[in-house]
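The structure appears below as structure tokens.
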Amino acid sequence: MIRPASPSRRRCPVWLGLLALAWASLWPAAFGASLAEAETQFQTGKYESALEAAAEGLEKLPNDEDWHHLRLRCLLTLGRYPEARAAATNAVARNGRSIRLVWTARDAFLGNGDTNNAAEMLDRVKFLVANRMGSRDAQSRIAFGRAALLLGADPKEVLEKIYAPLQQADPKLRDVYLARGDLALQKHDAALAAKAFEEGLKQVPDDADLLFGLARAHAEGDRKQMGEAIEAALKANERHVPALLLVAENQIDAENYDQAGKILADIAKVNPWHPDLWALRAVLAHLRHDAAAETEARSTALKFAPTNPRVDHLIGRKLSEKYRFAEGAAHQRQALAFDPAYLPAKAQLASDLLRLGQEDEGWQLADEVNATDGYDVAAFNLVTLRDTMRKYAALTNEHFLVRMDSKEAVIYGPRVLELLEAARTKLCEKYGLQPVERTTVEIFASQKDFGVRTFGMPDNPGYLGVCFGSVVTANSPAANKANAVNWEAVLWHEYCHVVTLTLTKNKMPRWLSEGISTYEERQANPAWGERLSPRYREMILEKDLV
């Protein structure tokens, strides 16, 4: 008798085997093309189409990591936070060893204010790597690099041991350039960030995320390059929410509040619940003195994540950029109440307090930021500057504290106090101010030191002096060797700002404050201040003068 073959060894018809072989070879290609198309839809702003494709893909392959990852990103981009949380829970249950998916699930939990599960995701990444579990593909290694930074890894080692080998192995891997650039931006190293994004764009031209990163890198420096990069980013993806948010911020900076509101409305069409969208609406309401709208906007920003520190940090930062340092500092304190370890808020609060003249706490916070993150360029610059300023001479009287280079103090220090007293007597009487606080005036012999104290970074040429309210910073004549500057005119001008900003609690338009200070310069001394030149006359008549 002939025994039948076991099921595992039973022969199938030749045609069926050939069909199976053909299907096995064709299905991944067809499936991969579908995923690639969906990724392209996502990167060009067709988020709804990409989400539909992800749903269809998961119907066929419910455990597929790539489709889960795409679906999560779509839901988060569209502001469907509760759905993203459910999707993240499901994805991690099915793919608990996917480092990339676990890392993205953390974003979904944070978007819903679920800090416990978000922390668990971070711990899971650490566990998977430590126990040599999970995928070792490029995307997973990039995700681990981002997680490692939060876990306290040395940024230099992350760059050299994780990102550099990945870039060398695959120069067209766009996400490695994004990770490098984001790391540099977190450390306030704009030049290093710009280099990373520019290198990425050489390999992956017209990528909206890379172009947006380049715009961020130039945001505090070359505004022209920033504008070109953001325009190119929106050309590649007109619905790129981070890029639109940056444009809205710039419109607020330029006091184009109506235009900022229109851009925020465009963002709402993509993600009606984006926390930054509502934070910026709160800023606009504050600047329009609409307290009820401001409270409502901030509350909406915290709708899904009630203790999200970024909301108050962003509101406070924008208010401080409008010279409302007291209000800005209050928001940073609230952000730190939500998360005491949130370094951006601590760094901004340090800056705000130093500008408010609350130096002891301000310097202490700067020290804490620098101790926690030794790679933060802004914090390092500040603590280095303090070491320099400790060598400055301090000239004081009842109304002023003047800090300046000790050699310069010997030459004209007493004249500085004399001029400031004269300005105080004349201008306070004229405008009806009774100053309560003593005014601090810091005069820097190095333009870079002036830049760090005033703006947090050394490269801000073109400024002679800046008034924050009760604190004035100025360049000394030694810092302006290329162009002769009358320091007396500068200090008179800045003290006039002290008067007008104190009277209005820093809430007057900048152009009006500047106009009054320039006017008072000429009133004090006809040789000071700007004069109408033929070029100025031509600009006014041709309507070229803004």
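As the structure is a computational prediction, the values presented were derived from the model and not from experiment. Computed over heavy atoms, backbone and side chain alike; hydrogens, waters and symmetry mates excluded.
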### Query
Do W103 and F144 have their ring centres less than 6.0 Å from each other?
no

### Summary
Contacts of K195 meeting salt bridge (Lys or Arg N to Asp or Glu O under 4.0 Å) (sequence neighbours excluded), chain-then-number -> none

#### Entry: Verdict with supporting geometry, L244 and L234, side chain to side chain contact (heavy atoms under 4.5 Å, CB included)
CA-CA 8 Å; L244 291 169; L234 290 173; 3.8 Å; yes

### Query
Could you state the interatomic distance from CD (E198) to CG (L211), rounded to the nearest 0.5 Å?
11.0 Å

### Message
With salt bridge (charged side-chain N to carboxylate O under 4.0 Å, His left out) as the rule and sequence neighbours excluded, what pairs involving residues 424-437 come up?
### Response
K430-E520

### Query
Quick check: are there more than 12 heavy atoms from other residues, nucleotides or ligands sitting under 6.0 Å from CD of Q434?
no

### Task
Could you list the residues that satisfy ring pair (Phe, Tyr, Trp, His ring centres under 6.0 Å) with Y536, not counting sequence neighbours?
none

### Query
Is there a side-chain contact between V416 and W487, using heavy atoms and a 4.5 Å cut-off?
yes

### Query
Heavy atoms, side chains only, cut-off 4.5 Å: are V471 and R453 in contact?
yes

### Query
Which residues pass the ring pair (Phe, Tyr, Trp, His ring centres under 6.0 Å) test with Y342, sequence neighbours left out?
H313

### Summary
Looking only at heavy atoms, the pair that brings P435 and C428 closest together is CG-SG, 3.6 Å

### Query
Between Q523 and T518, does a side chain to side chain contact (heavy atoms under 4.5 Å, CB included) hold up when you go through it step by step?
CA-CA 9 Å; Q523 293 298 302; T518 301; over 6 Å; no

### Query
In terms of ring plane angle, is the pair Y392 and F444 parallel, tilted or perpendicular, where the classes change at 30° and 60°?
tilted

### Message
Once salt bridge (Lys or Arg N to Asp or Glu O under 4.0 Å) is applied, do any residues pair with R510, and if so which ones, sequence neighbours excluded?
### Response
none

### Summary
With sequence neighbours left out, the residues meeting ring pair (Phe, Tyr, Trp, His ring centres under 6.0 Å) with H274 are none

### Task
For the pair E538 and R535, find out whether any cationic side-chain nitrogen is under 4.0 Å from an anionic carboxylate oxygen.
yes

### Residue pair A196 / G181: nearest heavy atoms and the distance that separates them
CB-N, 3.7 Å

### Query
Pick one: which of R216, K322, R317 meets salt bridge (charged side-chain N to carboxylate O under 4.0 Å, His left out) with E249?
R317

### Message
Once you measure the plane-to-plane angle for F304 and W273, does it fall in the parallel (<30°), tilted (30-60°) or perpendicular (>60°) bin?
### Response
perpendicular

### Query
For E514 and H497, what are the C-alpha separation, side-chain angles and deciding distance, and is it a side chain to side chain donor-acceptor pair (under 3.5 Å)?
CA-CA 8 Å; E514 288 296 338; H497 282 312; 3.2 Å; yes

### Non-neighbouring partners of F380 that pass ring pair (Phe, Tyr, Trp, His ring centres under 6.0 Å), sequence neighbours left out
none

### Task
Give a yes or no on whether a salt bridge exists between K318 and D253, defined as a side-chain N under 4.0 angstrom from a carboxylate O.
yes

### Query
If you round to the nearest 0.5 Å, how far is CG of L264 from CG of L284?
6.0 Å

### Task
Applying side chain to side chain donor-acceptor pair (under 3.5 Å), run through D222 and Q225 and close with a yes or a no.
CA-CA 6 Å; D222 192 325; Q225 288 192 48; 2.9 Å; yes

### Message
What's the separation between atom CZ in F338 and atom CD in Q334, rounded to the nearest 0.5 Å?
### Response
4.0 Å

### Task
Could you please spell out the steps behind the side chain to side chain donor-acceptor pair (under 3.5 Å) verdict for E421 and N397?
CA-CA 10 Å; E421 280 292 343; N397 62 19; 3.1 Å; yes

### Message
Please report the interatomic distance NE2(H493) to CG(L464), rounded to the nearest 0.5 Å.
### Response
8.5 Å

## Note on the structure
Test salt bridge (charged side-chain N to carboxylate O under 4.0 Å, His left out), reference K187, set D154, D373, D182, output is D373

### Message
Ignoring hydrogens, what is the shortest heavy-atom contact between A148 and V158? Give both atom names and the distance.
### Response
CB-CG2, 4.3 Å

### Task
State, to 0.1 Å, how close L501 and S513 come at their nearest heavy-atom pair, and which atoms those are.
CD2-OG, 4.0 Å

### Query
How far apart are the C-alpha atoms of R386 and N381, what are their side-chain angles, what is the distance that settles it, and do they pass the side chain to side chain contact (heavy atoms under 4.5 Å, CB included) test?
CA-CA 9 Å; R386 184 181 55 176; N381 285 342; over 6 Å; no

### Query
What about the rings of Y463 and F455, do their centers lie closer together than 6.0 Å?
yes

### Query
Side chains of I443 and V441: does their closest heavy-atom pair fall under 4.5 Å?
yes

### Separation between CG of L401 and CG of L420, rounded to the nearest 0.5 Å
11.0 Å

### Task
Enumerate the residue pairs fulfilling salt bridge (charged side-chain N to carboxylate O under 4.0 Å, His left out) with a member in residues 282-296, sequence neighbours excluded, ordered by first and then second residue.
D258-R288

### Task
Please examine the side chains of P155 and L149, heavy atoms only from C-beta on, and report whether any two atoms are closer than 4.5 Å.
yes

### Query
Got a sec, which residues hit salt bridge (Lys or Arg N to Asp or Glu O under 4.0 Å) with R438, two or more places apart in sequence or on another chain?
none

### Message
I need the full list of salt bridge (charged side-chain N to carboxylate O under 4.0 Å, His left out) pairs touching residues 347-360, with sequence neighbours left out, sorted by first then second residue.
### Response
E359-R403

### Message
Between R415 and E418, does any NZ, NE, NH1 or NH2 come within less than 4.0 Å of an OD or OE carboxylate oxygen?
### Response
no

### Query
Any luck finding a side-chain donor-acceptor pair between T473 and T454 under 3.5 Å?
yes

### Task
Please check if the distance between the ring centroids of F325 and F468 is under 6.0 Å.
yes

### Task
Verify the neighbour count for atom OH of Y519: are there more than 12 heavy atoms of other residues, nucleotides or ligands below 6.0 Å?
no

### Task
For the pair V498 and V472, evaluate side chain to side chain contact (heavy atoms under 4.5 Å, CB included) and give the outcome as yes or no after the intermediate values.
CA-CA 8 Å; V498 173; V472 171; 3.7 Å; yes

#### Entry: Note, L365 side chain near L354 side chain (heavy atom, < 4.5 Å)
no

### Task
Identify the heavy atoms of L503 and G432 that sit nearest to each other, and give their distance.
CD2-O, 4.2 Å

### Query
Considering residues at least two apart in sequence or located in another chain, which fulfil the side chain to side chain contact (heavy atoms under 4.5 Å, CB included) criterion with L159?
Y163, R180, L183

### Sequence-distant partners of D405, side chain to side chain contact (heavy atoms under 4.5 Å, CB included), two or more places apart
K407, E408, A445

#### Entry: Non-hydrogen atoms of A301 and V311 that approach each other most closely
CB-CG1, 3.7 Å

### Query
Can you find a pair of side-chain heavy atoms, one from L280 and one from Q251, that are under 4.5 Å apart?
no

### Task
First locate atom CD1 of I142, then atom CG of D175, and finally report the distance between them rounded to the nearest 0.5 Å.
5.0 Å

